[in-house]
Amino acid sequence: MRDLVALSALPALCARLGPEAIARGVADALFDILSLDLAYVRLPGAGTGLVEVVRTRHGSDRTEDEAVKASIAALLKADETGSAMKFSDLVGGGMLHSAVTRFGVGADYGIVVTSSRNADFPTEQDRLLLGVW
């Protein structure tokens, strides 16, 4: 319940922030609440193109961020939303189980990719939390 309350407060906070701060805030919140290994958030920027934020358990640098973006490219093109998919973790090895969540007007405003090494990810609870966001 605490996690639902935290996620439901995000839209009110987002109203005062720019796209990059929103993307970072969403990535941070989801990363912590869902115990993720990877969180990727893509939003349209304010006339500056796309804002993309990558957060991983291994820290982050520009080279790693580009590798993550390349590895999830197929997920971003998938028409399905909320379905579980897998891809190889280029940094930590192994497989990451992922969910793609699209949101906004026409479901094309933004994309969130959440990934975990947990074979059960995303659980029904994870899907509920992602749906609330």
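Numbers here simply count residues along the sequence, with the first being 1. Not measured: the values here are computed from a predicted model.
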Which value, rounded to the nearest 0.5 Å, describes the distance between [X] atom [atom1] and [Y] atom [atom2]?
X: Ile72; Y: Ser98; atom1: CD1; atom2: OG; result: 8.0 Å
X: Asp65; Y: Tyr40; atom1: CG; atom2: OH; result: 10.0 Å
X: Leu129; Y: Glu124; atom1: CG; atom2: CD; result: 11.5 Å

Can you list the steps and then say if Val68 with Thr56 is a side chain to side chain contact (heavy atoms under 4.5 Å, CB included)? CA-CA 9 Å; Val68 167; Thr56 69; 4.3 Å; yes

Are side-chain heavy atoms of [X] and [Y] found at a separation under 4.5 Å?
X: Leu50; Y: Leu43; result: no
X: Ser116; Y: Asp37; result: yes
X: Arg55; Y: Asp32; result: yes
X: Leu30; Y: Val112; result: yes
X: Met95; Y: Arg117; result: no
X: Asn118; Y: His97; result: no
X: Thr114; Y: Leu38; result: no
X: Pro19; Y: Arg42; result: no

One pair to check against side chain to side chain contact (heavy atoms under 4.5 Å, CB included): Lys69 and Val54. What are the steps and the verdict? CA-CA 8 Å; Lys69 291 174 192 176; Val54 175; 4.2 Å; yes

Show your working on side chain to side chain contact (heavy atoms under 4.5 Å, CB included) between Phe121 and Leu36 and close with a plain yes or no. CA-CA 9 Å; Phe121 184 81; Leu36 299 174; 3.7 Å; yes

Exercise: do Asp120 and Thr123 side chains pair donor with acceptor under 3.5 Å: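 Checked: Asp120/Thr123 side chains show no N/O donor-acceptor pair below 3.5 Å.
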
Taking all non-hydrogen atoms of both residues into account, name the closest pair between Val53 and Ala27 and its distance.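 So the two residues come closest at CG1-CB, 3.9 Å.
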
Restricting to non-hydrogen atoms, name the atom on Ala99 and the atom on Leu130 that form the minimum distance, rounded to 0.1 Å.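 Ala99 and Leu130 have their closest heavy atoms at CB-CD1, 4.1 Å.
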
